[in-house]
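One structure is given below, encoded as structure tokens.
Every heavy atom of this structure was used, including side-chain atoms; hydrogens, water molecules and symmetry mates were not.
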Amino acid sequence: MRFMTTPDNTPDASDAPAEASAASSGSTGVAAQNWAQACAEPQYRAAVVDLLGALAYGELAAFERLAEDAKLAPTLADKAELAKMASAEFHHYEKLRDRLAEIGEEPTRAMEPFVAALDGFHKQTAPSDWLEGLVKAYVGDSIASDFYREVAARLDADTRELVLAVLDDTGHAGFAVEKVRAAIDAEPRVGGRLALWARRLMGEALSQSQRVVADRDALSTMLVGGVADGFDLAEVGRMFSRITEAHTKRMAALGLAA
């Protein structure tokens, strides 16, 4: 999945999950440490390697997908805009790859556990046209961004800074909203089809996120309460509720019903 924040005209939609999670985790423990301090705990180190591997492959896949989406662009200007965004995603990938190497991990090995899940998501949600591609980038990928922001609230300061940097919006959010709303204004019945598509994306994205949590023990433990606190199913439920609320705001920004 790709990583993207919400445009400025949707207040606090992308920041709410991270802020809520940060409030629940507080500013003590790992979140108050730097990497040199935090990595002494083997389970935490394993969780960070998982996280960076998942993000790295997500960014690499985003680069590939944006390049493919550019082929569907109706104008040369749209094609150029997507090419610019694809380039930004590849630079995000490079940052993550370099960080993995810096901490002594082989980047390809760190990414491999997440290839099947992410490729599966993209196979199940291949857009049939330009507008579906834009909605997928805006809605579907933003859910992934919210998920990783939840994780970021529990990271050491150095890793958190990197993760939030690669989750920065490449400009696709505002671009998608502008194009989709214009299409709906021109042909209102398009809105119904895109609303159904967005609901499907929501279901697939949440399913894949839940699989990642369930399959990677170190990452899931850190996400729901820190390395020492154990697995809290109630916190998992609250996390996905926050992600769902942010999705509803994004749908409103597109002019679609959630």
Side-chain angles (χ1 to χ4, degrees), residues 1-5 14-15 18 21-22 30-70 81-119 121-122 137 141-173 208-209 212-213 215-223 227:
M1 284 174 275
R2 187 161 112 54
F3 312 103
M4 199 174 73
T5 55
S14 64
D15 294 334
S21 184
V30 172
Q33 299 176 10
N34 59 31
W35 170 250
Q37 297 167 319
C39 72
E41 168 54 55
Q43 190 177 31
Y44 177 76
R45 180 185 177 89
V48 169
V49 172
D50 272 354
L51 175 64
L52 298 184
L55 278 168
Y57 188 67
E59 295 292 346
L60 186 59
F63 161 73
E64 293 178 319
R65 210 183 77 222
L66 283 169
E68 284 296 312
D69 287 351
E81 188 68 22
L82 287 188
K84 181 176 70 174
M85 295 170 192
S87 176
E89 298 294 354
F90 190 77
H91 288 313
H92 288 169
Y93 159 74
E94 290 179 314
K95 288 181 180 180
L96 292 158
R97 178 202 63 193
D98 293 347
R99 179 58 175 164
L100 282 163
E102 182 184 340
I103 64 175
E105 300 291 337
E106 205 288 306
T108 301
R109 189 179 302 116
M111 290 188 287
E112 282 175 348
F114 307 98
V115 171
L118 289 169
D119 284 357
F121 171 79
H122 290 306
D141 300 345
S142 295
I143 297 168
S145 178
D146 286 343
F147 172 73
Y148 289 115
R149 285 175 181 275
E150 291 279 351
V151 181
R154 301 186 182 281
L155 297 172
D156 66 274
D158 297 323
T159 306
R160 182 169 61 249
E161 181 180 2
L162 171 63
V163 168
L164 294 178
V166 301
L167 294 179
D168 277 348
D169 182 16
T170 61
H172 208 151
Q208 292 296 345
S209 297
V212 170
V213 172
D215 292 345
R216 309 302 295 180
D217 291 341
L219 183 60
S220 64
T221 301
M222 178 182 67
L223 175 62
V227 169

### Query
Does a side-chain N-to-carboxylate-O contact under 4.0 Å join Lys84 and Glu81?
yes

### Query
Measuring from Thr159:OG1 to Gln33:CD, what's the distance to the nearest 0.5 Å?
11.0 Å

### Message
I'd like to know if Glu59 pairs up with Arg97 as an ion pair, taking the criterion as any Lys NZ or Arg NE/NH1/NH2 lying under 4.0 Å from an Asp or Glu carboxylate oxygen.
### Response
no

### Reported CG-to-CG distance for the pair Leu162 and Leu52, which is rounded to 0.5 angstrom
6.0 Å

### Query
What pair of heavy atoms forms the shortest contact from His91 to Glu94, and how long is it?
ND1-OE1, 3.0 Å

### Presence of salt bridge, Glu112 and Arg109, under 4.0 angstrom
no

### Query
Is the shortest heavy-atom distance from the side chain of Tyr93 to the side chain of Met111 under 4.5 Å?
yes

### Query
Strictly by modelled atom types, are Asp119 and Tyr57 linked by a side-chain donor-acceptor pair under 3.5 Å?
yes

#### Entry: Closest approach of His92 to Ala165 (non-hydrogen atoms, all atoms of both residues)
NE2-O, 3.9 Å

### Message
If we ignore hydrogens and angles and just use 3.5 Å, is the side chain of Tyr148 paired with the main-chain N or O of Ile143 as donor and acceptor?
### Response
no

#### Entry: Shortest non-hydrogen separation from Ala67 to Ala86 and the atoms involved
N-CB, 4.3 Å

### Query
Less than 4.5 Å apart, any side-chain heavy atom of Leu155 and any of Tyr44?
yes

### Within-4.5 Å side-chain heavy-atom neighbours: Val163 and Leu55
yes

#### Entry: Nearest non-hydrogen partners of Val49 and Leu100, listed with the distance
O-CD2, 4.2 Å

### Message
Any non-hydrogen side-chain atom of Gln37 less than 4.5 Å from a side-chain atom of Asp156?
### Response
no

### Task
Go through Arg154 and Val30 one step at a time and tell me if the side-chain contact (heavy atoms from CB on, under 4.5 Å) criterion holds.
CA-CA 7 Å; Arg154 301 186 182 281; Val30 172; over 6 Å; no

### Task
Evaluate the salt bridge (Lys or Arg N to Asp or Glu O under 4.0 Å) criterion for residues Glu68 and Arg65: first the C-alpha distance (whole Å), next the side-chain angles of each, then the deciding distance (0.1 Å), finally the verdict.
CA-CA 5 Å; Glu68 284 296 312; Arg65 210 183 77 222; over 6 Å; no

#### Entry: Whether Glu105 side chain and Pro107 backbone form a donor-acceptor pair below 3.5 Å
no

### Pairwise side-chain contact, Arg45 with Trp35, heavy-atom cut-off 4.5 Å (strictly under)
yes

### Task
Kindly give the heavy-atom pair with the smallest separation between Ala152 and Arg160, and that separation in Å.
O-CD, 3.1 Å

